[in-house]
Amino acid sequence: MKSLRSLFFYMPLLLLLSVDSGSQDIGLWLRITLLAAAGVVGSVLTRKHGSKGLSLIGFLILLLFLPLLKLDNVSAGSELLGYGARIALLFTWVHLSAVLFRKEKSDGILALATGAQAALLIAAFSILPSLVEAYKASNIYLANGPLFTHKNYAAASLLLLVPLSLNAREEGLLGLWLQRFSVGLAILCILLLRTRGVWLGAFVMTAIAVAYYAFKGNAQRRTVGLISLGVISIGIVVAIFASGSEKIFNSDTIQSRLHYWNASWEMFMDQPVTGVGGGQWKIEYPGTGLKGTNESVMSGQTSILRPHNDLLWMLSETGIAGALLFIALLVLGFRQTIKHERGLFFALTIVGFAVYGFGEFPLERATLLLPLATALGFAAAHTKPSIKTRPIAGVILASIAGLFTVYVGQNRVQGERAAKDCLDGYMSGNVRSMQINAQKAQNVCFEMDIYNNPMAYFEGLSHMRTPNGQIPSDTKINQAEAAFNQALQIHPNHILTLNQLAAVKRYNSSIGEAIDLYERVIEIAPRNGNAAMQLMELYRVKGDVYSSLNAMKMFATKDLQWYWRNMNTKNYQPRGQAEGQRMQMLDAYRKSSVTTLKLFAGINNPRPAAKSLHRDLQGKNPGEMWQIWLNWRQN
């Protein structure tokens, strides 16, 4: 087959199969790095076929590098470099795709389609076993397979490969059934994976295809499109009913998304021209306040890394100019592809990327950037150059961009590997391993792990960990404080670091500074149990009983009810480590609360708002005091 001689055939396969089990994310930066390296090699090998100028699409992508000018004015420069690496990757592959389309023409389209079909088969067969297990366990999030870290990434990758697969097929029955089987299996997996953004993308893509064929007067393909639209609609309905007790349309999830989007808008309004900086959303988001999200986020247990909307992501991080450039890039790409005879399915790829990006973050993933870059490359290949240059200029620009991505990507891959070992050391209690790997992980392109924790935080934590719970030495405390301060320079709103630095201040008897830090934690994460517990105790030490009572109110009433109900359940056993830790926290809260209530009951002339509580506590034993407090909170 001619297709085997084209780079287009191999790239979807290479990208999909590039997995690094030693990293925290098995494919994120390894795939980006390999794709960039292939882009550099391909650009050099095809240098004789370069365009005599820079297309408008290429120019718009180059303008998206402007946020890098903020490198000295952001908290985490490594994350801004990560943003730049993704944009550089996009530029490199748009350039190379355009060259390949000009050089190979219809053969290139065929090679890309055949490679995408093979990739669909590999991806689908890798997902199917985990899908079976997920449905057996009634937990769809188990359905990611060995090639993806999340079922949403798997579904979105399939979605964007489908239109590329439909663009052409090999001759004969083999080519016909390869296309039909691969696309059919991919659609089945998409329906079963139950990803709302992917469903919406598939529906919109199919609807646009129907409208396109109706406009062109192609009745046969319009009919096929309508049938496909019906199949997808019915399949979505069946998948919803098959979900059983699992909610597909969860109001809590929607409410949380609205909170992320509102925070993104606040960031934009605060810095409308430049944005907060590429890669900085996840650092700035906690600073906007987590009240209104779910309990896991409000307590600080879960970090939110993205706004789940690429347009708002670009708006908040790169300002109005970056968002408009991003929109212009997608609109121009769609316009240039849809009007070309062979461009419909490339246009649909851009549509799928854009629609999915309204609720997720395809800009982050290499498996989603490649189809977009390829579609934009097709548009660039059929667009007259906007800026006249020698062909070698495009090769040089693409090579520089690709090498930059390789540099950033390789450093991030190495950092992630060390970060994984560091986290393993943290979980196993191996303090030495945690410290060594925390230091090893840090470089100019990697400062935080994929869970948004600065590696300096783990370095500081390693100094605080002592055998048998002993108090750390002064030297260790000073080293920990320096590491935590470094972590806060990278991520000023990191809840875990703020908590640990407050603990250091307690060791140093700096009670006022410790209280300020814990109050900052509560300001960010109003349900953070550790900070509330510490504030209860520290305010008691200061003799401020009313502030200690206010700290007691920071625990949610429903958590207290859950705790008391389980405490009074015969033979209760926590279900899992997380529930056990929750019970321990609430048990400590109860004991500390009783101490505060005793102090409060002993004061004279209580404030008017607390007189009834003060009266009820008189002469009561600790158990009765706790019950009175619980009833008072409920009322």
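We number each residue from 1, following the sequence as shown.
Without hydrogens or angle criteria, N478 side chain to D474 main chain gives a donor-acceptor distance under 3.5 Å. Between the side chain of S592 and the backbone N or O of A588 there is no donor-acceptor pair closer than 3.5 Å. With hydrogens and angles disregarded, no donor-acceptor distance shorter than 3.5 Å links the side chain of S510 to the backbone of R506. Side-chain atoms of T92 come within 3.5 Å of backbone N or O of G402 as a donor-acceptor pair. E317 places a side-chain N or O within donor-acceptor distance of the main-chain N or O of G279, the cut-off being under 3.5 Å. Between the Q280 side chain and the A76 main chain, a donor and an acceptor come within less than 3.5 Å of each other. Listed for the N443 side chain is a donor-acceptor partner under 3.5 Å among the backbone atoms of N411. Without hydrogens or angle criteria, E459 side chain to Q435 main chain gives no donor-acceptor distance under 3.5 Å. Checked by atom type and distance alone, the side chain of H463 never pairs as donor or acceptor with a backbone atom of A482 at under 3.5 Å. Looking only at distances, no side-chain donor or acceptor of R31 sits under 3.5 Å from a matching main-chain atom of T367.
Ionic pairing of E360 and R306 is not present here: no N-O contact between side-chain nitrogen and carboxylate oxygen is shorter than 4.0 angstrom. Using a cutoff of 4.0 Å between basic side-chain nitrogens and carboxylate oxygens, E523 and R520 are scored as salt-bridged.
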* Asked: Is there a side chain to side chain contact (heavy atoms under 4.5 Å, CB included) between W93 and L376 once you walk through the steps?
  -> CA-CA 9 Å; W93 259 89; L376 292 176; over 6 Å; no
* Between Q500 and K505, does a side-chain hydrogen bond (donor to acceptor under 3.5 Å, both in side chains) hold up when you go through it step by step? -> CA-CA 9 Å; Q500 289 297 329; K505 297 300 182 182; over 6 Å; no
* To do: Mind running side chain to side chain contact (heavy atoms under 4.5 Å, CB included) on M464 and V504 for me, showing each step along the way?
  => CA-CA 9 Å; M464 296 290 285; V504 168; 3.8 Å; yes
* Please lay out, stage by stage, how V276 and D270 fare under the test side chain to side chain contact (heavy atoms under 4.5 Å, CB included). => CA-CA 8 Å; V276 297; D270 187 49; 5.7 Å; no
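Between the side chains of N262 and E266, at least one donor N or O sits under 3.5 Å from an acceptor N or O. Side-chain contact, W281 with S264: a donor N or O sits under 3.5 Å from an acceptor N or O. Using a 3.5 Å distance cut-off with no hydrogens or angles, the side chains of K151 and T195 do pair a donor with an acceptor. Judged by distance alone, the side chains of S433 and N430 never bring a donor and an acceptor atom under 3.5 Å apart.
Put simply, OG on S21 and CG on L30 are 10.0 Å apart, with the number rounded to the nearest 0.5 Å. The line from OG of S18 to CG of L28 is 12.5 Å long, rounded to the nearest 0.5 Å. For the atom pair L423 CG and Y451 OH, the distance stands at 6.5 Å (nearest 0.5 Å). Distance check, rounded to the nearest 0.5 Å: CH2 of W313 to CE of M267 gives 12.0 Å. The CG atom of L63 lies 15.0 Å from the CZ atom of F326; values are rounded to the nearest 0.5 Å. A distance of 9.5 Å separates OG1 in T288 from CD1 in I524, rounded to the nearest 0.5 Å.
Under the 30°/60° scheme for interplanar angles, the aromatic rings of W265 and F268 are found to be tilted. Below 30°, between 30° and 60°, or above 60°: for F555 and Y589 the angle between ring planes is between 30° and 60°, a tilted geometry. In this pair, F484 and Y457 present their aromatic rings tilted. The plane angle is within the 30 to 60° band.
Of all heavy-atom pairs spanning L7 and A38, the tightest one is CD2-O, 4.5 Å. Scanning both residues, G84 and L68, for their nearest heavy atoms gives CA-CD2, 4.1 Å. Nearest heavy atoms, Y83 versus L64: OH-O, 2.7 Å. Here the shortest heavy-atom pairing between I522 and A532 reads CD1-N, 3.9 Å. The minimum heavy-atom distance linking N528 with A531 is given by the pair OD1-N, 3.0 Å. I57 and V94 make their closest contact through CG2-CG1, 4.1 Å (heavy atoms, listed as atom of the first residue, atom of the second, distance).
Remark: aromatic rings of Y141 and H150 are close, center separation under 6.0 Å.
Remark: R86 is not positioned above the aromatic ring of F65, lacking an NZ or CZ atom under 6.0 angstrom from the ring centre and at most 45 degrees off the axis. For the pair R412 and F446, the cation-pi criterion (under 6.0 Å, within 45° of the ring axis) is not fulfilled.
By the 6.0 Å contact criterion, OH on Y10 is enclosed, its count of non-hydrogen atoms from other residues, nucleotides or ligands being greater than 12. Crowding of K476 atom NZ: a count of heavy atoms from other residues, nucleotides or ligands under 6.0 Å exceeding 12.
Of the options N499, N452, N453, a side-chain hydrogen bond (donor to acceptor under 3.5 Å, both in side chains) to H494 is made by N453 and by none of the others. Partner D25 forms a salt bridge (Lys or Arg N to Asp or Glu O under 4.0 Å) with one of K420, R417, R365 and no other, that one being R365.
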